[in-house]
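Written below as structure tokens is the structure these notes are about.
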Number of protein chains: 2
Amino acid sequence: MSGKRKGLGRATVHDVAKLAGVSSITVSRYFKQPEIVSQALRDRIAEAVKALDYLPNHAAGGLASTRGRIVAMVIPNISGPIFANTIQSFSDELNRHGYQLLLASSYFSVEKEEDAVRAFLGWSPAALVLTSQYHSEGTERLIAKATMPVVETWDYVPERKPVQVGFSHIDVGRQSVEYLHGKGYKRIAFVQNSLIGDLSALDRRDGYIARMTEHGLEPWVFVPTQADPFEAGRQAVNSLLLRKQPAEAIIFANDNLAAGGMLAGARAGMRFPEDCAIFGFGNYAFSEMLLPSLTTIRPPAREIGEVAALRILQALGEAAAEGPLKHLNLLDCELIARESA
Amino acid sequence: MSGKRKGLGRATVHDVAKLAGVSSITVSRYFKQPEIVSQALRDRIAEAVKALDYLPNHAAGGLASTRGRIVAMVIPNISGPIFANTIQSFSDELNRHGYQLLLASSYFSVEKEEDAVRAFLGWSPAALVLTSQYHSEGTERLIAKATMPVVETWDYVPERKPVQVGFSHIDVGRQSVEYLHGKGYKRIAFVQNSLIGDLSALDRRDGYIARMTEHGLEPWVFVPTQADPFEAGRQAVNSLLLRKQPAEAIIFANDNLAAGGMLAGARAGMRFPEDCAIFGFGNYAFSEMLLPSLTTIRPPAREIGEVAALRILQALGEAAAEGPLKHLNLLDCELIARESA
DNA sequence: TTTCTCAATGTTACCGGTAACATCAGCGAG
DNA sequence: CTCGCTGATGTTACCGGTAACATTGAGAAA
């Protein structure tokens, strides 16, 4: 009932200290390094904490120690079928160690990404996580100057300075070709997604082109004009199959397109894989529920989140159990052969 | 090269102030209320900010003003098919107004939820968002004492003190019955999910039971023992259809179960809806891609996020454009009639 | 007994902003 | 010409913790 400034009205370390008859720093130590506080004081403090319903103010703590327990992540989207697993596992692993997740989405826009990074840096997060290796110049400058660990996920390009946790999209493209080629298919087309900005998908296309060429086969890339993945898939199937020399197999840039294509084809009386083999990417939740179930490549979404969190915790000195080399940063995709190819 | 405490090594308001030849509070005002700073000083400050690459430290600002620009949200899960849209739209709307989202998942565990709430309160978020009306006692106590706005989502029970933004699960159950009853089905079964903890799903079941009873029909609830939704669906279909008096229609607690059931049935040669009508809940991404496409109810996931954000912004005085009553807090679900029922 | 060591605890100042109040210049009214 | 008011800017202290250094006391070593 007096202080000029109001505060939040909550109990502070000082209140706890007074009640427990110790100094405030001891209360602070009770939380950060309980082992250096004597049992007697620990008990008294615990009692006071409970009596006052004390909750530490992390903003104050972070300010004083210049190392908050927040980790910031920018991801293209939350609601898409791809990244949610990464966010989930990343968040869980962090929470387990007492860190909190600050999240924003970029929608594959490097400008939005930069805005988010700028806003996040204001919170001095303990670490910063981005998606892919492609950023704006501004972002590059910010992360170059950043003092906290920076991790790039969903891509693996070890030459870059930030730590990478991901996989090679180019190899995914090659792997898809390899699988279909091994099954005897020759006229293998690739359907790109029309989503502007997802640069990594273009890497997969490049891998496809490279491997096709190595096999002496002619690459055949179709770029849908429809934005809706469903419609785009239909468009691709119509264009690639209703012709004299139809495609024998189609690699879609993602499972959404593949499903759209298959569904359009099925409703038009086509049969897969008899009329054409279908190959996707992403292993979305529905992929195994389709008829025929979709052959695809599962990106290590969950693993990326886990390993990224692990690397960050290590960098922050929370090393914990796991041996430092239990995981490598280059993760494997899993080819899931189902009915469609 | 001197100060006892190191700081983050970044430029501060004081640095900017010195360079611009003003006092630090003026720099602070430049950011919070530019209109009360003279044009001359604004220019000088802007220059200094750019020269030093100054980024405001939000932790310090939040501490001093006791109102940070962080909003905390606890949600059952991120990677499931349901909540991602809510998170996405919520986060987008907040970002648009300069707020950041702090996120944690509870996995339908009220204890985990309480842990998250406790951790979040330490950041003195500007607002707190929870899912559903069911919490632990500890959580109830915490939010009762909380000074910031608290919003509960995905449920609408206006009697409660926290603001609600959601829909009535009981009505969803009734609505499902109504639709099938209107199509002439009598032996309508309900397949509950076995996911322990999702209390709202039980409300849907109760709505089903109530409406069935009102129609003079006998409720018929099947509880799968399998945890995997796919397997659970199969189990339900086998149990409900391979009998003398098979079910004519089945309402599944969610689309995952429905899809699992339909797929199991299809592979066993059953035809839907000829042999049995199938009705889901959730309108998951795959639901329109199934063969037959799934009749279901779309919860207003995206709208919940938007309205929750709007309510919070209003409570924080960021009123902004939207008239206060443009949205109500009780949102509508959309029944999507497709092929399966 | 004296000195030294080390573990337990306290004192002080500071992290980077901003609320509250003070000051000051310019200007119209009396 | 002085007074009072208003808008622009500055001073001071404080938000709630914790780093760095100081102090204390008990037991070990001399």
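Predicted model only: the values in this text are computed from it and were never measured.
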- Item | Polar side chain donor-acceptor pair, Q88(A) to S105(B), under 3.5 angstrom | yes
- Residues touching DNA chain C, which here means a heavy atom under 4.0 Å, drawn from residues 20-31 of chain A: V22(A), S23(A), I25(A), T26(A), R29(A)
- Query: Which angle, to the nearest 10 degrees, lies between the helix axes at the two ends of the helix from dT1(C)-dA30(D) to dG30(C)-dC1(D), each defined by five pairs?
  - Reply: 50°
- Message: Looking only at the side chains, is there a donor atom on one of S136(A) and T139(A) sitting less than 3.5 Å from an acceptor on the other?
- Response: yes
- Query: With the threshold set at 4.0 Å, does a side-chain nitrogen-carboxylate oxygen contact exist between D155(A) and R160(A)?
  - Reply: no
- Task: Could you check V37(B) against L63(B) and say which one's nearest nucleotide on DNA chain D is further toward the 5' end?
- Result: V37(B)
- Task: Specify the separation, in whole Å, of atom CH2 of W123(A) and atom P of dG16(C).
- Result: 15 Å
- Would you indicate whether E137(A), at its atom CD, is surrounded by more than 12 heavy atoms from other residues, nucleotides or ligands within a distance under 6.0 Å? no
- Query: Would you say the side-chain atoms of Q164(A) and E152(A) include a donor-acceptor pair closer than 3.5 Å?
  - Reply: yes
- Item | Pairs flagged by ring pair (Phe, Tyr, Trp, His ring centres under 6.0 Å) wherever residues 120-150 of chain B is involved - sequence neighbours left out | H58(A)-W123(B)
- Side-chain donor-acceptor pair under 3.5 Å between W154(B) and T86(B), yes or no? yes
- Write down the distance between NZ (K32(A)) and P (dT9(C)), rounded to a whole number of angstrom. 19 Å
- Note on the structure: note: L55(B), atom CG; dG17(C), atom C1'; distance rounded to Å ~ 14 Å
- Counting any heavy atom closer than 4.0 Å, what does H14(A) reach on the DNA or RNA strands: base, sugar-phosphate only, or nothing? base
- Note on the structure: Here the pair of heavy atoms bringing I87(B) nearest to N77(B) is CD1-O, 4.3 Å
- What integer distance in Å separates Q33(A):CD from dT9(C):P? 13 Å
- Message: Between R96(A) and E93(A), does any side-chain N to carboxylate O distance fall below 4.0 Å?
- Response: yes
- Task: Looking only at side-chain atoms of A64(A), point me to the closest of dG17(C), dG17(D), dT9(C).
- Result: dG17(D)
- Query: What is the distance from OH of Y54(A) to C1' of dG16(D), rounded to the nearest Å?
  - Reply: 8 Å
- Message: Using the side-chain heavy atoms of S65(A), tell me which of these nucleotides is nearest: dA19(D), dC15(D), dG17(D).
- Response: dA19(D)
